[in-house]
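To start, the structure under review is shown below, and the notes come after it.
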Amino acid sequence: MGILEERVDLRQDSDCCYPLAKGIVMQRYIGRVVTLDAFKHCGFISLASIVKEDDSAHDLATTQDVFVHQDDCGSALKQGMQLAFEVVPDQRRGGNALRAVDVNEYVVGELVLVGESSGASRELTDPRSLYVPPTPAQRGLMKPVAPEEVEQVLINRPMPLVPRTSGECTESAAEITRHLMQRLFPQFAALSDEEGVEMADEKFDAVIKQAIDDHKELGMENQATHMLGQAKTYKGLRMILRSEEDLLRPETLIPMQYLPDLFMAVPVWYFWADNSTQRDAATLKSERDPQVHKKLKYFCDQIPNQRWVDTFLMFNRRMRTLPDYKGDLIPPRIIARMRKMAGLFDHLVIMTPYHDVAGQDWQDLQWLRSIDPYVVGFTNGVPLMFVLGRFSDSGTFPLYSELVADTIAFLRANVDKLKGFNGPEREPINNPYWHFVPGTNKNSNSCFMGPLGNHLVSHTKQLLTAFDNGNLFDWLRGEDGNLPMRT
C-alpha cells in the first residue's frame, strides 16, 4: 500500500468516536492542561498556552480550549502538566471545537529562562553540582546542620534545571525581556511578528487593543475577554522587568513548578498586604478553627496535588502579614525594594525558616531558628517566581541546602506534635476547615472529615520517607508515580 492510502482506526470512549488517518503526518502542538476532572478522566488544554512543536504560534482555527481525555494520553493526566499532541474535530462539542489525540507528556530536557543565548550552565546532572556553599557571613551565623542531611538534600535534586550561577550573558536587558515575553505569551508573539512591532515596546499595546476590538466585532467575546486578561498580565510583567533589570538572571526567575523545592527551605510565610487583607488575616488568626484565606488557596492550587496542599497548610494554616513578622531585622535595601515592587506583584512574600512560628496549631514547639529569609514576588498567570532578594544579599542558593535539611530535621523531631491540629482532647476540633485539590470529591470550601492532626502525622511520615528515598520534590508534586487512592 502507498503512504497516501488511508487506513482508518476507530477509537471510542463515552464521549465520542473519531477516525484517525494512517500515513498522514499531522502537526503536533505543545500546551498545558488548565482544568482537569479526575472522575471523568478528562480536561482541557488552555488555548492560550498552545504553540506548535517548533515553538512558533499555533494555527488552530478555534476559539475554545482543547479537550483531552485520559484514553488518548500515555501518562496520567495532571492539572498544569504540559502535553504534546495532535488535534481532530471534537464531534461531541461541535462547531470549531477540537480534541487532542496521540497525547504524550511533554518533558523539557533543559530550562532556559532568559533567552536562547544565555551563557549559564543548562545541564546539572551531578547532584553535587547542585550545592552552593554558604557565604562567609552566613557561616558565622548559621546553626549547625548535619552534613549527611545536606548530602541527602542533594540526592533529592532540588530545582535541577535552574542554573546555580548566572554566568556570562551577552544579551541586553531589552533582548532578554523580549525573549522571555515571547516564551510566556506566544499568542502575542505571533501578533508582534505580523505587525512588525516589538513586544517590549509600548507601541505594541495598540496592536493588542486592535486585536481585542476585532474579536469583539466578530462576536468572539470569550476570546476577547481572555486576550484582555492576558494583556493585563503581559503589561504588568513588562513593568516588573523594566523596574528591576537585575531580576533578569536565571537564578532569580524560578519556574512555578519548583515552588515545593523553594518552600521546603523556607516554609513559614508572611504576606505584604493592604489594610483590608491585614484585618481579614487578623480575624482568621484569632479563630480556633480558621477558614483558609484566599491567598493561601491560590498557592495551594499552584501545585494540584493534595500532598503539596497538606504540606503547605500545616506551616501556613493561618494567614500571616507583615505586622505579624517577628524575626531578623529586615535590611533597609530590602524594605525599599519591597515598597517599590509591592504594587507590581499580585503576591509579595517574605519566606522564612522560622519553623517555631508554625506552632500555633501544633503542640508546644521550641526550635532554634535558621537565618536568611527570601523575598519573592508572584504575578497571577505568570508561571515564574521572582526572587527579589535575600536578607544577606547572597543570591538564591547559598545556604539553601542547609535550610532544606533544617526543615527535614524539624519535621523528624516534631512529627507527633502535629496532633495538635486535632484540638484539645476534651474539646476536639471536629471537621476543621481545610483546602482540597480541585477534581476530588471534596470542594475547596469543604471541611476535613476526621482527626486532621492524625492525618498530618501520617502524611509527614510519608514525606520523610520520600526524602530518605531521594524523591521528595517529585513526591510533593505527585510525579513519583505512586499517588494514593482518592478519597
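Because only heavy atoms are used, hydrogens play no part in the values below, and waters and symmetry mates are left out as well, while side chains stay in.
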Counting C-beta onward and ignoring hydrogens, is there a side-chain heavy-atom pair between [X] and [Y] closer than 4.5 Å?
X	Y	value
Leu476	Leu463	yes
Leu348	Met338	yes
Val375	Met341	no
His355	Leu365	no
His459	Leu418	no

Could you check whether atom [atom1] of [X] has more than 12 heavy atoms from other residues, nucleotides or ligands sitting under 6.0 Å from it?
X	atom1	value
Lys143	NZ	yes
Asp364	CG	no
Lys417	NZ	yes

Next on the checklist: Quick check on side-chain contact (heavy atoms from CB on, under 4.5 Å): which of Trp272, Phe386, Phe378 does Phe345 satisfy it with?
Outcome noted: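 Considering Trp272, Phe386, Phe378, a side-chain contact (heavy atoms from CB on, under 4.5 Å) with Phe345 is found only for Phe386.
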
Checklist entry - Picking from Asp468, Leu472, Asn469, what satisfies side-chain contact (heavy atoms from CB on, under 4.5 Å) with Asn156? => result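 Between Asn156 and the candidates, side-chain contact (heavy atoms from CB on, under 4.5 Å) is satisfied uniquely by Leu472.
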
Under a 3.5 Å distance rule, please check whether [X] uses its side chain to pair with a backbone N or O of [Y] as donor and acceptor.
X	Y	value
Asn316	Pro267	yes
Asp310	Arg307	no
Thr396	Glu251	yes

Checklist entry - Phe263 and ring-ring contact (aromatic ring centres under 6.0 Å, His included): which partner among Phe312, Phe473, Tyr400? => result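 The option that passes is Phe312.
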
Checklist entry - With His455, which of Phe421, Trp434, Phe448 fulfils ring-ring contact (aromatic ring centres under 6.0 Å, His included)? => result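 The residue from Phe421, Trp434, Phe448 that satisfies ring-ring contact (aromatic ring centres under 6.0 Å, His included) with His455 turns out to be Phe448.
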
Next on the checklist: Taking side-chain hydrogen bond (donor to acceptor under 3.5 Å, both in side chains) as the cut-off, I'd like each qualifying pair that reaches into residues 144-154, sequence neighbours left out, listed once.
Outcome noted: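 Residue pairs with at least one partner in residues 144-154: there are none.
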
Item to check | Donor-acceptor side-chain pairing of Asp274 and Thr277 below 3.5 angstrom | outcome: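 Yes, side-chain donor-acceptor contact under 3.5 Å.
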
Item to check | Pair Lys294-Asp280, side chain to side chain contact (heavy atoms under 4.5 Å, CB included): steps then yes or no | outcome: CA-CA 10 Å; Lys294 62 183 180 180; Asp280 290 345; over 6 Å; no

Next on the checklist: Ignoring hydrogens, what is the shortest heavy-atom contact between Tyr433 and Arg317? Give both atom names and the distance.
Outcome noted: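 So the minimum-distance heavy-atom pair works out to O-NH2, 3.8 Å.
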
Next on the checklist: Run Met256 and Met385 through side chain to side chain contact (heavy atoms under 4.5 Å, CB included) and show every step you take.
Outcome noted: CA-CA 6 Å; Met256 189 66 83; Met385 301 177 277; 4.0 Å; yes

Item to check | Summary of salt bridge (charged side-chain N to carboxylate O under 4.0 Å, His left out) pairs that have at least one residue in residues 369-380, sequence neighbours excluded | outcome: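 Non-adjacent pairs meeting salt bridge (charged side-chain N to carboxylate O under 4.0 Å, His left out): Asp356-Arg369, Asp372-Arg390.
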
Next on the checklist: Is the distance from the ring center of His435 to that of Trp308 below 6.0 Å?
Outcome noted: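 No.
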
Item to check | Ring centre gap for Trp362 and Phe315 strictly below 6.0 Å | outcome: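 Yes, they do, as the ring centres are separated by less than 6.0 Å.
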
Checklist entry - Going by the angle between their ring planes, with limits at 30° and 60°, are Phe271 and Phe299 parallel, tilted or perpendicular? => result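 The arrangement is tilted - the two ring planes meet at 30° to 60°.
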
Checklist entry - Are Arg477 and Asp474 within salt-bridge range, i.e. N to O under 4.0 Å? => result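 Judged by the 4.0 Å cut-off on N to carboxylate O distance, Arg477 and Asp474 do form a salt bridge.
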
Next on the checklist: Any carboxylate oxygen within less than 4.0 angstrom of a Lys/Arg side-chain nitrogen, looking at Asp205 and Lys209?
Outcome noted: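 Judged by the 4.0 Å cut-off on N to carboxylate O distance, Asp205 and Lys209 do not form a salt bridge.
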
Next on the checklist: Suppose we screen for side-chain contact (heavy atoms from CB on, under 4.5 Å). Which residues come up paired with Lys419, at least two apart in sequence or across chains?
Outcome noted: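 Result, side-chain contact (heavy atoms from CB on, under 4.5 Å) vs Lys419: Gln363, Asn422, Asn454, Val457.
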
